[in-house]
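Here is how names work: the chains are called A, B, and so on, in the same order as the sequence lines, proteins then strands, and each is numbered from 1.
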Amino acid sequence: MRITTWNVNSVKQRLAHLLAFLAEAQPDVVCLQELKCVDDAFPRTEVEEAGYVVATHGQKAFNGVALLARRPLPLQEIRRGLPGDAADEQARYIEAVIPTATVPVRVASIYLPNGNPVGTPKYDYKLAFMRRLQAHAVSLRAREEVLVLAGDYNVIPEPEDVADPAAWVNDALFLPQTRAAFRSLINEGFTDGLRACDGRPGLYSFWDYQAGCWPRNQGIRIDHLLLSPQALDRLVSASVQKHLRGLEKPSDHVPVTVELDLG
DNA sequence: ATGTCGCGCGCAGCGCGA
């Protein structure tokens, strides 16, 4: 089973690229972030005609996450929103179970807050979201399922995940407190799927539209797939679909994919 | 030093978020 996470930065603007990616890569599960549209505006028909079932958690203008599963796989036990704050109206979390022939797989699509500027309520919200995510991840881990927590974490885990670390030292994506919160989640028993397969520095998933970041390869790695022990046992490979950043009108993020052997 | 998108609103181009 191939599971992909991709921040598309507007699913309506990126529909052609999304359909091309589904056709070429044929992922079994896709976790999308930054839909930037309400549920009714999601291009459901086009994605269904490409062979997928769809569950969305959208919002006007900002945020928005979705899960796709390649038919005949269904999406079950769909959860929209992260527990822990009933007042949180931002659409940043959707989770579902995909019951495969061998073992159920639980997947979440996460759009973790950016958190900039630091020192404002935006950063407090980011840290609070990370605490809520960890609490929920701990409760899910107790199920001992094949579990993949995938998404745009807006966290640069290590200096080797950024081309120019000095430029990011005061940024919400790379602050020590942010990295510590991410490590705390990892330390609950999760594994960074891409890092488990490839230890090389300079594996990036995002290049800013500005300042020629893409041609100069000034990227950062912020899109992650965290695996439960039961998922790690089945991990075969992981990869970054970097070529999509070079298309016309690309997202600023590229897909990241793990392959699991569900035997 | 600077460099970009996509959204809503509303019909130009600004403010916001990233």
Side-chain angles (χ1 to χ4, degrees), chain A residues 5-21 31-44 46-47 56-66 82 88-94 109-130 133 150-157 161-175 177-179 181-182 204-224 241-256:
Chain A
T5 182
W6 191 12
N7 178 324
V8 289
N9 187 18
S10 171
V11 70
K12 288 188 281 185
Q13 292 298 319
R14 224 62 62 202
L15 179 59
H17 288 351
L18 174 61
L19 295 176
F21 173 74
C31 308
L32 300 176
Q33 301 90 37
E34 278 210 89
L35 305 180
K36 294 189 172 180
C37 66
V38 295
D39 292 336
D40 286 347
F42 186 94
R44 174 177 288 274
E46 294 88 338
V47 172
T56 61
H57 183 36
Q59 179 182 341
K60 189 163 91 170
F62 305 115
N63 308 320
V65 287
L82 195 57
D88 185 1
E89 296 186 347
Q90 299 192 33
R92 296 179 174 275
Y93 186 91
I94 188 169
S109 178
I110 302 160
Y111 180 41
L112 210 144
N114 175 294
N116 282 305
V118 172
T120 70
K122 290 178 183 296
Y123 190 63
D124 299 334
Y125 175 67
K126 176 176 192 152
L127 292 179
F129 190 96
M130 293 182 82
L133 178 60
D152 175 0
Y153 278 76
N154 270 312
V155 175
I156 303 167
D161 297 315
V162 49
D164 181 8
W168 291 84
V169 288
N170 295 315
D171 193 281
L173 279 63
F174 195 52
L175 276 186
Q177 199 175 355
T178 304
R179 295 172 56 201
F182 185 75
Y204 305 136
S205 64
F206 169 94
W207 296 260
D208 200 293
Y209 289 124
Q210 299 185 68
C213 283
W214 167 246
R216 296 189 298 124
N217 196 29
Q218 296 284 302
I220 55 177
R221 191 174 72 91
I222 56 175
D223 298 272
H224 309 300
Q241 282 70 58
K242 184 177 178 179
H243 64 285
L244 293 177
R245 187 63 177 80
L247 300 179
E248 286 294 312
K249 302 290 284 182
S251 172
D252 40 9
H253 298 249
V254 295
V256 182

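- No contact: R245(A) has no heavy atom under 4.0 Å from any strand.
- Of the two residues contacting DNA chain B, namely G212(A) and S10(A), the nearest-nucleotide position lying further toward the 5' end is that of G212(A).
- Relative ring orientation between H224(A) and Y153(A) is described as tilted, the plane-to-plane angle lying within the 30° to 60° band.
- The side-chain hydrogen bond (donor to acceptor under 3.5 Å, both in side chains) search around Q210(A) returns none, not counting sequence neighbours.
- The nearest heavy atom of DNA chain B to N116(A) and to K12(A) marks one nucleotide each, and the one closer to the 5' end goes with K12(A).
- Residues satisfying the side-chain hydrogen bond (donor to acceptor under 3.5 Å, both in side chains) test with S205(A), not counting sequence neighbours, are D223(A).
- Residue H17(A) is tested with L244(A), V11(A), L247(A), V8(A) for a side chain to side chain contact (heavy atoms under 4.5 Å, CB included); the sole match is L247(A).
- The residue F206(A) sits apart from the nucleic acid: no heavy atom pair falls under 4.0 Å.
- By the side-chain hydrogen bond (donor to acceptor under 3.5 Å, both in side chains) test, N9(A) is found to be paired with K36(A), Y209(A), residues two or more places apart in sequence or in another chain being considered.
- Spacing of P atoms, dG10(B) relative to dG15(B), comes out at 15 Å, to the nearest Å.
- Although no hydrogens or angles enter the test, the distance criterion places no donor-acceptor pair under 3.5 Å between the side chain of R92(A) and the main chain of I110(A).
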For DNA chain B, the dot-bracket notation using Watson-Crick and G-U wobble pairs below 3.5 Å, [ ] for pseudoknot-type crossings and | for other-strand pairs, is ...((((((...))))))
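- Along DNA chain B, the stretch of nucleotides lying under 4.0 Å from any heavy atom of chain A spans, 5' to 3', dG3(B) to dA18(B).
- The only option from N7(A), T5(A), N154(A) that meets the side-chain hydrogen bond (donor to acceptor under 3.5 Å, both in side chains) definition with Q33(A) turns out to be T5(A).
- Judged as a side chain to side chain contact (heavy atoms under 4.5 Å, CB included), and not counting sequence neighbours, the contacts of W214(A) are W207(A), K242(A), R245(A).
- Here the separation of dC7(B) from dA12(B), taken at their C1' atoms, is 15 Å to the nearest Å.
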